[in-house]
Amino acid sequence: MHTAKYLFFLLGPIGFLIFLLSLTPWHKEENLRAYKGVIDLRGIQSASSGPVDLSGEWEFFWSQEPGKILESFHGNMTVPGSWNRETELHPSYERLGYATYRLKVLLPDVWVGKVLTLGLGTVWSSYSLYLDGEFQGESGAPSTSTQTSVARVQPRSFSFVPNSSQIEVSIFVTNNFARQGGISSPVKLGPSEVMLSTRTRTIFTDIFAFSSLVIMGLYHISLYLYLRSSKAPLYFGFMSMAIGIRTLVTNTRLLMEFFPSINQNGIQMIEQISMMCATGLYLLFFYETFTVYASKLYIRISLAIISLFILMTLFGSLEFNSSKVAYFHLFIGVTIGYVIYVIFGIDFDKENNSSYILYGSGILFLGVAIDLFYTYILKVSSHQVSHIALVLFVFLQSLVIASDRSSKYKEAKLLTEDLQTMNLELFEMKEKLVQKVEDRTRTLNDTLQQINRELEIAQNVQRKILTPPEREIKGIRFDYVYKPLEKVGGDFLDISEINPGQVRVLLADAVGHGVQASLMTMALKTEYEELKKLPCPTHVLKELNGRFLRKFDTLESIFPCFVADIYLEKKEVLYASAGHPDQVLLSPSGDFELLHKTGPILGLFDDLEIEFSTYKFPTGSRLLLFSDGLIENRRKENRWSTVETIASRAGTLSKVSLQKLLEELVVMEEKSRGDEQRYDDITIIAIESRETPEYPA
């Protein structure tokens, strides 16, 4: 049952394991190992040989510092190794504390007088280096008190020129927070140019790993943002970014080279949080890829555990974070077991790309397992082989997504060919339809042109039934704005001198707009001409109401109407308002009165009760009338254009011409409406009492 793929999953990681074992420090030639605090390098014949690993038995002085060593209290300690790990060669010491390592190095003659470099890797958690008793440098600030010691776990190199064939290396180490104390990675010695070349290759490897991971991450994030078909590329991209960030704070710890001011706590947070985020993102990627097989509940619980660990890391101390990470490593082990369990339950016939997942996950799990073995079993610093495994894992998972995109591209190509065939058939149908549409369009255009011509005629007719603004009426001046919503509208106005010294003004607003409303204005004009000279505005309104109910009852026509009589000699205005909005009477000083409605709207009731009201209208007074379109076109949330605000604004403009007043009110309406379109006709009439026709501009 799918034997080949299972073998592929198993044999690939085994080959990778063999390669990794070749990097371990286990295979050392006996004559190049330190023994009881001495290492003999005199067998080296070439001046460019190296670097040499100084691993083996170093002299060890617990709770002693250089210059104050008591020779009677010493033992041997394996380097690399943790001093709190008990072996056959040495007992176990306290995890937190300090000690001095010492090694006598017998140099080859070809190295005497040359510039040599001593390279130290991971030392927990700070140290000072002495050569022949002379201080060379330090990482962090080691101290005999763990409270005053400052941790700094950073690989460093120290160059010197030996004057004799023997040197004494002393390293004073303080551990103030880590799970294991001491020198946990090999100490290397060699000519400076060789050591520099080795360090350059190591740095290049880390830079290559970082840049590759970041580029892959950005590529897959961009892929998701462009296609948005599956979240797997998004999770995979962020996981690559998290792993890339972790490469900056492990192995050569490049971030500390570029930002030396970052303290150990910050470095530890970045290392652990990036590892935790990468684990969570891997689970999300795995679930998104194999939703049918993975447990959503397990993923949710795992993400909750990871979030808890991240919070503890953010607020934890160096020592706390160092100890609790072991529990997260245990969680990683459980997660690896769960993922392997799910992988072996995948139906390979349905999941074509599962082999990449198997192989990549196997390599990744093996690399992580080797690092954990070094950390918890050997208690030394590993070669961070998980870096190589992570890069290979990311590369293989990229093949998964690339393969998926490729298959979808092939499907799209087949669909494109089918669509091209369908397009040819549709094109033939289109040619037939185009001719029909052109014929229909031509007919519609002709009809539309005819309708527009007729509407223009109706517009001209409607304009002519309105009182022309240039008409001269002794004792008043007037002007108005008439803005129908369409070519024709439902507003009607008339200003006439019905008797000497008596001017009658009518403003009506047929409900609706367009052609139907304009027909109502024509009927209103016809009926009003017969009723214009009735003695009182109330008589006019009642008679109009009765006639419309009798003659046009089938049209269900209703309309508000305002009629006012201006008595020039008595300097009074008498009005009646049937359902019309409040109108405005302005005194010469700019004060205003609101003319409220005195009866219901016309066209509803046969027996209509309408009253009238009288106000003073001295010289310089103004009567401002308008249809409801002026106040109803505004936005609902904007109450600026109300009758009161219109009256107040008109009062401030009592000294300007009527034309200027009307222009300001139109601008006011447009501002209150904002970007919304007008949905009703607007008519504004301004009438002013005067004694002479002259008026300042």
Side-chain angles (χ1 to χ4, degrees), residues 23-61 64-67 69 71 74-81 89-90 99-123 127-139 142 154-173 182-203 252 380-381 383:
L23 302 176
T24 65
W26 296 346
H27 309 296
K28 303 293 179 183
E29 299 180 14
E30 290 298 325
N31 62 336
L32 291 181
R33 284 187 63 83
Y35 180 69
K36 292 186 177 181
V38 180
I39 186 168
D40 190 353
L41 307 180
R42 289 177 294 185
I44 296 176
Q45 302 297 323
S46 173
S48 58
S49 295
V52 177
D53 195 333
L54 303 183
S55 299
E57 295 178 9
W58 288 45
E59 289 185 298
F60 184 74
F61 302 90
Q64 298 184 55
E65 52 185 320
I69 290 176
E71 298 292 340
H74 84 284
N76 295 322
M77 181 65 63
T78 302
V79 175
L89 299 176
H90 63 79
T100 298
Y101 290 80
R102 189 170 69 185
L103 178 68
K104 184 183 295 184
V105 183
L106 303 180
L107 299 175
D109 293 337
V110 292
W111 280 7
V112 177
K114 291 180 62 68
V115 179
L116 303 181
T117 297
L118 187 71
L120 281 80
T122 302
V123 180
Y127 66 87
S128 297
L129 173 66
Y130 298 84
L131 294 178
D132 294 329
E134 296 292 331
F135 176 76
Q136 300 296 316
E138 62 184 5
S139 179
Q154 179 183 11
R156 291 197 59 186
S157 298
F158 303 90
S159 298
F160 63 97
V161 179
N163 296 321
S164 64
S165 59
Q166 176 179 313
I167 60 171
E168 183 182 85
V169 179
S170 297
I171 305 176
F172 175 56
V173 181
I183 304 172
S184 60
S185 63
V187 180
K188 296 185 178 182
L189 176 66
S192 290
E193 61 273 11
V194 177
M195 293 289 289
L196 178 61
S197 176
T198 302
R199 176 170 172 76
T200 301
R201 286 196 300 271
T202 307
I203 291 176
T252 57
V380 297
S381 177
H383 288 272

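Values reported hereafter were calculated over all heavy atoms of this structure, with side chains retained and with hydrogens, waters and symmetry mates removed.
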**Request:** Step by step, work out the ring pair (Phe, Tyr, Trp, His ring centres under 6.0 Å) result for Phe172 and Tyr127.
**Result:** CA-CA 5 Å; Phe172 175 56; Tyr127 66 87; over 10 Å; no
**Message:** Before you tell me yes or no, could you show the steps for Asn163 and Val112 under side chain to side chain contact (heavy atoms under 4.5 Å, CB included), namely the whole-Å CA-CA distance, both residues' side-chain angles and the distance that decides it to 0.1 Å?
**Reply:** CA-CA 6 Å; Asn163 296 321; Val112 177; over 6 Å; no
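Here Leu120 contributes atom CG and Glu138 contributes atom CD; the two are 13.0 Å apart, rounded to the nearest 0.5 Å. Distance check, rounded to the nearest 0.5 Å: CG of Leu41 to CG of Leu107 gives 6.5 Å. A distance of 13.0 Å separates CG of Leu189 from CZ of Phe158, quoted to the nearest 0.5 Å. Rounded to the nearest 0.5 angstrom, Lys104 NZ and Trp58 CH2 are separated by 14.0 Å. We find the CD1-OG1 distance between Ile203 and Thr200 to be 6.0 Å, quoted to the nearest 0.5 Å. From Glu59, atom CD reaches atom CG of Asn76 across 7.0 Å, with rounding to the nearest 0.5 Å.
Ser128 and Tyr130 make their closest contact through CB-CE1, 3.8 Å (heavy atoms, listed as atom of the first residue, atom of the second, distance). Between Leu116 and Pro162 the shortest heavy-atom distance is CD1-CG, 3.6 Å. In terms of heavy-atom proximity, Gly190 sits nearest to Trp111 at CA-CH2, 4.0 Å. Pairing each heavy atom of Val115 with each of Ser159, the nearest pair is CG1-CB, 4.3 Å. Nearest heavy atom pair, residue Met195 against residue Pro51, reads SD-CB, 3.2 Å.
The side chain to side chain contact (heavy atoms under 4.5 Å, CB included) test with Ile171 is passed by exactly one of Leu103, Leu129, Val79, Leu118: Leu129. Partner Ser197 forms a side chain to side chain donor-acceptor pair (under 3.5 Å) with one of Arg199, Arg201, Glu193 and no other, that one being Arg201.
Side-chain contact of Ser170 with Thr100: a donor-acceptor pair under 3.5 Å is absent, judged by distance alone. Thr202 and Thr252 share no side-chain donor-acceptor pair at under 3.5 Å.
Counting only distance, with no hydrogens or angles, the side chain of Glu57 and the backbone of Lys36 share a donor-acceptor pair below 3.5 Å. In this structure, Asp132 contributes its side chain and Ile167 its backbone to no donor-acceptor pair below 3.5 Å.
Counting heavy atoms of neighbouring residues, nucleotides and ligands inside a 6.0 Å radius, atom OH of Tyr35 does not exceed 12 of them.
The side-chain heavy atoms of Tyr101 and Val123, taken from C-beta on, include no pair separated by under 4.5 Å. Residues Gln45 and Pro108 fail the side-chain proximity criterion, which asks for heavy atoms closer than 4.5 Å. Proximity of Thr117 to Pro191: side-chain heavy atoms (C-beta onward) are nowhere separated by under 4.5 Å.
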